[in-house]
Number of protein chains: 2
Amino acid sequence: MSNANKPDTRKLILDTAEELLLTRSFSAFSYSNIASALGVKNAAIHYHFPSKTDLGVAIIQRYRRRFKRWSEQQEMLSADPWQKMEWYFDLTVRYYSQNQRICPSGVLSAEFLVLPPEMQAETRLFVDDLIAWCTRILAEGQQQGYFSFAGVAREKAVNIMAALQGGLQLTRVLSSGELLDNIARQIRIELGAVGQPV
Amino acid sequence: MSNANKPDTRKLILDTAEELLLTRSFSAFSYSNIASALGVKNAAIHYHFPSKTDLGVAIIQRYRRRFKRWSEQQEMLSADPWQKMEWYFDLTVRYYSQNQRICPSGVLSAEFLVLPPEMQAETRLFVDDLIAWCTRILAEGQQQGYFSFAGVAREKAVNIMAALQGGLQLTRVLSSGELLDNIARQIRIELGAVGQPV
DNA sequence: AACTGTACTTACTGATAGGTAAGTTGTCAA
DNA sequence: TTGACAACTTACCTATCAGTAAGTACAGTT
C-alpha cells in the first residue's frame, strides 16, 4: 500500500529508451527523444539517469534480470529442451513484431566499439548469460536424447544465437516475416528434429 | 598516362569512411572524423560527397561492385563449391582482423531504421546479392553432390549468412577469435562435411 | 595572356547533442 | 508549522553535427 501510486517515470523512461535502442540504436537516440515521447523535459531524464551511460547500463542490467527470471520460469515449468528452444524462438520472433525491433545483443554488438566502457562490460555479461543458457539447454537435450546435433554444445549454442541475431537484422532489411521462421526451421532440423516440434 | 597521378582523395575518403562505418557504424561517424584522418578540411568531403547520404550510398555501391567482381573471379577459377564457401568464410574472418570490423550488412541492418531511404534501398540490393550468391553455391553444391544439407537452399543460405553476420558481431563483444572459426566449423558439418575441407 | 574547371580552404550557419545549476512544487514526517 | 526530500522545470552551457557560400590556388586549354 505504501508505494502503490509512486511515480513510475523511471520505468517509463527505461521502457521508452529500450524501444529507441532496439529500433534506432544507442548512438541514434537522444534524451530529447525520450523526453518528448513522455511529455517531460530533457532534464527530467537526467534526474533519473545522470548520464546516457547510466541509462544504457540500466537498460542492459534490466535485460539480464529479465532473462534470468525467464529462464528460471522455464525450469519451474519443467519443460523439455524442445519446448525451451521453442520459447526462445518465440522470444526472438516477438522482437520484430514490436516495431521491427532487433534483439539487444544485436544492437549492442553492432555498435560495440562506440559504446562507453561500462556498457561494453555489461553487454559482455549479458551475452555470456545468453550463451550459457543456450549451451546448458543444448547439453541437457543432447544427454537426454532429445537433440542429436554434431559438435560441441557451446559451439552449437553460439551458432544458433548468432543465426537468430543476424536473422532478426536481415528480417528488418528484407522486411520478410518468414525469414526468421525459416531460420528457426533450419535450426530445428539441425538439432535433429524428426517430427517432434510443430 | 593521362590520369595516372590524379588526386585519389575521393578513394581515400571512401576507404576511411568504410573503416569508420564498419568499426563505429554510420550514425556514429562524422565528416570531421574523415577529414581529420586525411588531413583535409570538412568541406573537402562535402565537395566529393555533398551529403552524408551520398557518401553512404557510394560505400554500399562499391561493396556491391566488389562482391560482384569477387564472385566472378570465383567462377573464372572454376573452384568447387567447398572452396567457394571456404573463401567466403575467409572473407568474413578477415573483417574482424582489420580493426575488429564487422560485415557491412551487419552494421547497415542493425541501424537500418535510421538510415536514409536511399541507403536502405541500396542495402536491400546488397543483401539480395549476397543471399543470391550463397543460394546459388549451395544449390550447385547440392546438385553436384558436394553438399548434403537438409531443407531448401535459400533457407540454408540465409541461415549461414545470418550466422556469420551475428557471429562477427559476437566475436567483437567476446573478443574471441575462435568464435568465428567455430561457427565456420559448425556450418561445414551441417553442409555434410565428411572430412572434405581443412 | 586570358579563361576555365578542379580541388580544395576559410568562415560561417542553424540544429541538436549531452549535461548542469538553480529554482519550483507537492508530499510527508516531526 | 516547519523542514526535508523527491521529482521535477527553466534556463543555460559547450561541443559537435551536417551543410553552405565565397574565395583561392593551380593545371590545362585556347
Side-chain angles (χ1 to χ4, degrees), chain A residues 1-21 23-60 107-108 111 113-120, chain B residues 1-21 23-60 107-108 111 113-120:
Chain A
M1 255 94 167
S2 59
N3 59 352
N5 57 347
K6 78 142 184 283
D8 52 356
T9 309
R10 196 193 140 93
K11 187 187 176 302
L12 287 171
I13 293 171
L14 276 173
D15 290 343
T16 310
E18 183 181 310
E19 157 149 17
L20 289 166
L21 174 72
T23 53
R24 300 180 54 90
S25 89
F26 188 72
S27 324
F29 83 80
S30 71
Y31 270 39
S32 310
N33 295 147
I34 306 171
S36 64
L38 294 181
V40 296
K41 295 299 161 183
N42 217 312
I45 320 289
H46 280 285
Y47 171 76
H48 292 281
F49 303 96
S51 79
K52 203 183 171 188
T53 300
D54 296 324
L55 175 57
V57 168
I59 296 174
I60 309 173
V107 217
L108 296 170
E111 54 181 349
L113 265 29
V114 286
L115 293 180
E118 297 91 330
M119 285 185 66
Q120 291 188 342
Chain B
M1 256 97 171
S2 60
N3 59 353
N5 56 349
K6 79 144 183 283
D8 50 357
T9 309
R10 195 192 141 93
K11 188 187 176 300
L12 287 171
I13 292 171
L14 276 172
D15 290 343
T16 310
E18 183 182 310
E19 158 150 18
L20 289 166
L21 174 72
T23 54
R24 299 179 56 92
S25 89
F26 189 72
S27 325
F29 84 79
S30 70
Y31 270 39
S32 311
N33 295 147
I34 305 172
S36 65
L38 294 181
V40 296
K41 296 298 161 183
N42 216 312
I45 321 290
H46 280 286
Y47 172 75
H48 292 279
F49 303 95
S51 78
K52 204 183 171 188
T53 301
D54 296 324
L55 176 58
V57 168
I59 296 173
I60 309 173
V107 216
L108 296 170
E111 54 181 348
L113 265 29
V114 286
L115 292 181
E118 297 91 331
M119 284 184 67
Q120 291 187 343

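A, B, ... follow the sequence lines: proteins, then strands. Residue 1 opens every chain.
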Expressed in angstrom and rounded to an integer, what is the separation of [X] atom [atom1] from [N] atom [atom2]?
X     : N      : atom1 : atom2 : result
B:D8  : C:dA7  : CG    : P     : 11 Å
A:I34 : D:dC8  : CD1   : C1'   : 16 Å
B:H48 : C:dA7  : NE2   : P     : 6 Å
A:I45 : D:dT9  : CD1   : C1'   : 12 Å
A:Y31 : C:dT20 : OH    : P     : 10 Å
B:L12 : C:dA7  : CG    : P     : 13 Å
A:N42 : D:dC13 : CG    : C1'   : 13 Å
A:K11 : D:dA7  : NZ    : P     : 16 Å

Which heavy atom of B:V114 sits nearest to which heavy atom of B:S27, and what is that distance? CG2-OG, 4.0 Å
When every non-hydrogen atom of A:L21 is compared with those of A:E111, the smallest separation belongs to CD1-OE2, 4.3 Å
Which nucleotide in the set C:dT10, D:dT9, D:dA18 lies at the smallest distance from any side-chain heavy atom of A:V40? D:dT9
Does B:K52 qualify as a cation-pi partner of B:F29, given the criterion of NZ or CZ under 6.0 Å from the six-membered ring centre and within 45 degrees of its axis? yes
I need the single residue from B:T9, B:D8, B:D15 that forms a side-chain hydrogen bond (donor to acceptor under 3.5 Å, both in side chains) with B:K11. Which is it? B:D15
Establish, with yes or no, whether the OP1 or OP2 oxygen of [N] is under 4.0 angstrom from a side-chain nitrogen or oxygen of [X].
X     : N      : result
A:H46 : D:dC8  : no
B:S32 : D:dT16 : no
A:T9  : D:dA7  : no
B:S30 : D:dC17 : yes
A:Y47 : D:dC8  : no

Base, sugar-phosphate or nothing for A:K41? Non-hydrogen atoms, less than 4.0 Å. base
Taking any heavy-atom pair under 4.0 Å as a contact, classify B:F29: base, sugar-phosphate, or nothing. sugar-phosphate
Going by side chain to side chain contact (heavy atoms under 4.5 Å, CB included), A:I34 matches just one of A:L12, A:N42, A:L14, A:L55. Which one? A:L55
